[in-house]
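A short write-up of the structure that comes next.
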Amino acid sequence: MPTRLSTAFVDNAARLAEASAAVTIAPVPPDCQSMRAHIKELVTQALGYLKRDGVLVIDQAPEPEVERTRSREHGDYACNIALGLARVVGKNPRELAELIRSRLPDSRRVEKVDIAGPGFLNFFASPHYLRVVVRDILRAGDDYGRAPEGSRDDVLLEYVSANPTGPLHVGHGRGAAYGASLASILSAAGHRVQREYYVNDYGRQMDILAVSVWLRYLELAGERVAFPSNGYHGDYIYDIAREVRRRHGDHLRHTGMDVAEGLPVDADRDGGAEAHIDALIERARQLLGEQGYEACFSAALEIMVADIRDDLDGFGVVFDRWFSERGLQQSGALDRALKRLEAGGWLYRKDGATWFKATELGDDKDRVVVRENGRSTYFASDVAYLLDKLERCSGTSLYIFGADHHGYVPRLKAAARGLGENPDRLDFQLVQFAVLYRGQTKVQMSTRSGSFVTLRELREEVGNDAARYFYVMRSHDQHLDFDLELAKSRASENPVYYIQYAHARIASVFRKLEETGQRHNLAIGESSIHRLDGDHEQELLRSLGRYPEVVENAAERRSAHLLAHYLYELAGQFHAWYNNSHFLVEDEEVRNARLNLTAATGQVLRNGLGLLGVSAPEEM
RNA sequence: GCCUCGGUAGCUCAGGGGAUAGAGCAGCCGCCUCCUAAGCGGCAGGUCGCAGGUUCGAAUCCUGCCCGGGGCACCA
C-alpha cells in the first residue's frame, strides 16, 4: 500500500464532513490519536465514500468497532464492521470487507490490511508507526498519552463523600483510590474534570456527633455522664472533645444531673435508644443555647473534616471543592430545587410530609423531601446538589458510590427528570466492597476488636503506593480481596513492586551508563531505531504504542483496572527483554536505539503510575 | 419478595458478541563470571454455575433455575 502524508487524509476528512453529515471528524490531529481511534476513522471514511457513491445504501453508518487482536497472525487491530453490516446491506461479509478495504484512505501508520476469517479487516501496524512511537514518547514526555484538554465532555466527579462523623475506613479507601485514579484518567483522556467531596454536615448523624463530643467534653471536665449506646464511641471523639475544651474551656459545661434529668431510658428495645439520643440532642440545644451548641457542632465538624482531608491528602487524593450540605440550605439552593420540582407538578402532601412522585419517574417508591417535622430530608439535599452540579457542569455528573448505595441510582435519575434535566447526564459507578486478608486469614473489620479499620492504618501498614494500586487492580465493579501480606511483599508476586522495579531497573541502566563514562545519544538512537528488531523489542514497541488507547478505553469504561493491568503487562515485557539482552553494548547504534526504547518504557511506566497515584522510584 | 453485583485453572482475577478462553500465585523443571535473581524461561492445569433461547458466530446478549456478596428508612 503506497503511503501518503496523513495531512492528505485530514483534508479528505474535511471534504467528506461537508459531503455527508453521517461522517463525523474528530478535532484531534491524527498523530495525537491513539492507533485505535485512527483506524476507526479510516474505516469511517471508507464507509463515507461508499455511501456517497451509492455503493452502500444506509441511513447512518454504525461506528466501527476496532479491537486489538489477540494473536499476531491477525495483525494488530481488527475491525468487524463488515460482519455486522453485511446483512443490513445484503452483501456477504467478505465481499463487503473487500469493498471497505478498497476505499480505505492510505495511512503511514498502517502496513497492510488483510481480510480474514468470516470477514474481519485485520490491520497491521507499519514499522514506521512502531518507530515513531518511541520518538513520540520521548518528545511528549509526561504528556504522552494525554489528549488535548476539552476534547471530551466535562465531568463533575463526586467521590468519597463519607460522612464526617468518624475517620475514613478501608472501605472508603477503595472509593478514594478509584475515584482519584479515574479522575486522573478522565483528565488524561481529554475531559475537564471537577473533583468534589460532598460533606454531609447537616442532619441527625451530625447532631449525634456533636452530642457525643459534648458528652466526652463533660467527662473530661469531670462530670459524671452516661454515654448513649447510639453515640459515637470511638476514641477520636475524646480527641475532638479535648480540642473543644482547649477552645472553649468550661463555657460549655453543665452538670451531669442537668444533662440526664428526665430523659427517656437508653434501651435497645422499642426504639428506646433512638428516643434517648434524640432527647439528648434536644437537651444539649436547650442547655447550650444556639451559640453554645453551634460551637460544639462546628468544632466537631471542622476537626473531623480536617482529619479526613489530611488523610486523603496523604493518600494523594485531592478535591477541587468540598461541598457543604448546609451550604445548600443557606444559599437557598434547596428551596430552589424544591420549587422546581413543585413547578413540574412532582410534589404532593401526605401525612403532613411533602413527597416527590418518584414512582412516576422510574423509581420504585415515592420519596419524602420535607418531613412532618418541617425538616428537609437527605434526599432533598441530594436533589439540590444535583441541580447545582448540572448547572455548573455542561457534561456528565459522575457519582462514585459504595455498592450499598445502589438504591440511590433510580431515585437520583428520577430527580433529574423531575428537575427537567436529562437523566443520561448522570453516570453512576458502584464500587464493591474490599475484604482485607492477612495471608489466608480474613481481617475482621469490627471497631471493637481493635484490628485495623481505618484507611490511615492501612496506609501506614502497606504504604500509599501498594494501597493505591491494590485498590484499583481489580474492576471496581468486583469484590476485592486485599492481601496485606502480598501488598507488603517486595517480590515479583507483588504487582506494585514488580512494576516499580521495572522503572527502577531502567533508571539503573542509565546510572550504569554514566558510570562507564558513556552518554545516551538520543539522535543516534532515533536514527537507528530500526535496529530494534528483536521479538522482545517489537513487542515492547507495540505495547508502548497502545498506551494512549488504554487511557482512552479506561476513561470510556470508567475502569482504572485496565490501566493497572496494562502497566503490569508492560513491566513484564520489559523484564523479559532486560533478562534477554544487554543494552550497554559496543555498537553505538544498537546501544542508543535500545536506550531510547528503555527511556520510552520508563516514561510510559511513569505516566501510567502517575495516573494511578503510585510513585515511580529511581531505585529500590 | 424486589433490586443489584457476581459464579471462568487448586487460589486470586482478566476477557463482557467474533477467529485456538488468558495472566499471576500455588505445583513441577530449568537460568546469575554479565546493566538489580526484588528478575527470566519452560511444563502441567478449563464441561467459562446449570438448562433453554437469539445469532453466520455466545464465556460474552435474553429467559428460567441453582449458589454466594450487598441493598431495599419521614437514618445520614
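Being a predicted model, the structure only gives us computed values, none of them experimental. Lettering follows sequence order; numbering is per chain, from 1.
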| message | Under 5.5 Å centre to centre and under 30° between planes: does that hold for A:H406 and the six-membered base ring of B:G70? | response | no
Need one value for A:A86: base, sugar-phosphate or nothing, where a base atom within 4.0 Å counts as base even if backbone is also close, heavy atoms only. nothing
Spell out yes or no: do the side chain of A:N80 and the base of B:G18 have one donor N/O and one acceptor N/O closer than 3.5 Å? yes
(message) Within the 4.0 Å heavy-atom criterion, would you say A:H575 contacts the bases, only the backbone, or no part of the nucleic acid?
(response) sugar-phosphate
Ring of A:Y497 versus six-membered ring of B:A38: centres under 5.5 Å and planes under 30°?
no
Side-chain atoms of A:L83 come closest, of B:C35, B:G18, B:G70, to B:G18
Rounded to whole Å, NE2 of A:H561 lies from P of B:A14 at a distance of 6 Å
The residue among A:Y197, A:F379, A:F323 that forms ring pair (Phe, Tyr, Trp, His ring centres under 6.0 Å) with A:Y385 is A:F323
_Regarding A:A353, tell me which of base, sugar-phosphate or nothing describes its non-hydrogen contacts under 4.0 Å with the strands shown._
base
Taking only the side-chain nitrogens and oxygens of A:R557, find out if one of them lies under 4.0 Å from OP1 or OP2 of B:G15.
yes
Checking B:G6, B:C74, B:U12 against the side chain of A:D477 (C-beta onward), the nearest is B:G6
Under 4.0 angstrom, heavy atoms only, what part of the nucleic acid is A:D351 near: base, sugar-phosphate, or nothing? base
Which of B:C34, B:A14, B:A19 is nearest the side chain of A:H582? It is B:C34
- Message: With a 4.0 Å limit, can you tell me whether A:R367 has a side-chain N or O closer than that to the phosphate oxygens OP1/OP2 of B:A73?
- Response: no
The Watson-Crick or G-U wobble partner of B:G24, with both key distances under 3.5 Å, is B:C11
Answer with base, sugar-phosphate or nothing: what part of the nucleic acid does A:Q432 contact at a heavy-atom distance below 4.0 Å?
-> base
Salt bridge present between A:R285 and A:E282 (N-O < 4.0 angstrom):
yes
Between CG of A:L96 and C1' of B:C56 the distance, given in whole Å, is 14 Å
Practice task
Quick one: label A:F510 by what it contacts on the DNA or RNA (base, sugar-phosphate, nothing), any heavy atom closer than 4.0 Å.
Solution key: nothing
When rounded to whole Å, the CZ to P distance for the pair A:R505 and B:C32 reads 15 Å
Out of B:A19, B:G41, B:A23, minimum distance to the side chain of A:A576 belongs to B:G41
Practice prompt. Would you indicate what A:Y578 reaches in the nucleic acid, counting non-hydrogen atoms under 4.0 angstrom: base, sugar-phosphate, or nothing?
Written response: base
Checklist entry - Is a salt bridge present between A:E158 and A:K389, judged by a nitrogen-to-oxygen distance below 4.0 Å? => result yes
Classified by glycosidic angle (syn within 90° of 0, else anti), B:C32 comes out syn
